[in-house]
Chemist: 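Take a look at the following structure, please.
The analysis underlying the following values was restricted to heavy atoms, covering all of them including side chains, and did not include hydrogens, waters or symmetry mates. No experiment lies behind these values; they were computed from the predicted model shown. Just so you know, ligand 1 is whichever comes first in the structure, and atom 1 is the first atom listed for that ligand.
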Amino acid sequence: MAIKYTKKVIEHFQNPHNVGKIENPDAMATEGSPACGDQLSVYLKVDKKSQIIKEIKFQSYGCASNIATASIITDMALGKIIEEAKKITWKQAADKLGGLPPIKMHCSVLAIDALRGAIKNYEKNKLGKKFDESLNKQSIEKQLNEVIYGKVGVDIISLRLVKYIGIDEKNNVLIELSLNKEDQFKDDLKHEITERLNRFPKIGKIKIALV
Ligand code: FES
């Protein structure tokens, strides 16, 4: 079945804004989508004094939805101070595009991941900011907030699909998902959760059980 896109998505896909690379950026990040393996790079120039994003560009190796969301989020971030730009969410980006098909919602998460990654690198390398990468229930939940259930295009925390998060003394993690064993998206979800949790430097084994 053909995927239906809104007029706005098609507009941004056909004529994306802010495409390209910035030579000598203040920061950049390339992120990959755990859901599909596609990649997106975001480049930033930030005004030192005001912390305003004065230039932003992207290069996408993703699909039409990813190009459209990268186009819209770079528009949204341009001219904002970095504190504000990092609050932009995948949901806001998708809403600005008039919505995305549920199965394509994860493409907007990739766009936001790359934007936030570039801002984080700016804060780390130019402002000397330190980030807490400790493993706990909240930090895991934050990662799971970005895992989309492709059937409805909503994250698994909002859908209350996550029934239990357990961490033992060796940092092994158990996630219990309230999902039918026959669910067509179960393997995608397991794969995406594993990839996201593996971003924690000190994580042990990850077990995902369907309950
Ligand atoms: Fe990979 Fe859209 S970014 S399917």
Chemist: Short question: side chain of Lys80, backbone of Met76 - any donor-acceptor pair under 3.5 Å?
Modeler: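 The answer is yes, because a donor-acceptor pair under 3.5 Å joins these two groups.
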
Chemist: By residue and atom, what protein N/O/S atoms are less than 2.8 Å from atom 2 (Fe) of ligand 1?
Modeler: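 Near atom 2 (Fe) of ligand 1, the protein supplies Cys63 SG, Cys107 SG.
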
Chemist: Checking Asp183 against Lys151 for the salt bridge (Lys or Arg N to Asp or Glu O under 4.0 Å) test, could you report, in this order, the C-alpha distance in whole Å, the side-chain angles of both residues, the deciding distance, and whether it holds?
Modeler: CA-CA 10 Å; Asp183 193 287; Lys151 199 185 245 173; 3.7 Å; yes

Chemist: If you measure from OH on Tyr43 to NZ on Lys21, what distance do you get to the nearest 0.5 Å?
Modeler: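 Separation between the atoms: 4.5 Å.
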
Chemist: Kindly determine whether Gln14 and Ile10 satisfy side chain to side chain contact (heavy atoms under 4.5 Å, CB included), including the steps that lead there.
Modeler: CA-CA 6 Å; Gln14 288 178 336; Ile10 294 167; 3.6 Å; yes

Chemist: Which side-chain N or O atoms in residues 187-194 pair as donor and acceptor under 3.5 Å with protein atoms at least two apart or in another chain?
Modeler:
{"residue": "His191", "atom": "NE2", "partner": "Pro34", "partner atom": "O", "Å": "3.3"}
{"residue": "Thr194", "atom": "OG1", "partner": "Lys190", "partner atom": "O", "Å": "2.7"}

Chemist: Between Asn172 (side chain) and Asp168 (backbone), is there a donor-acceptor pair under 3.5 Å?
Modeler: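 No.
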
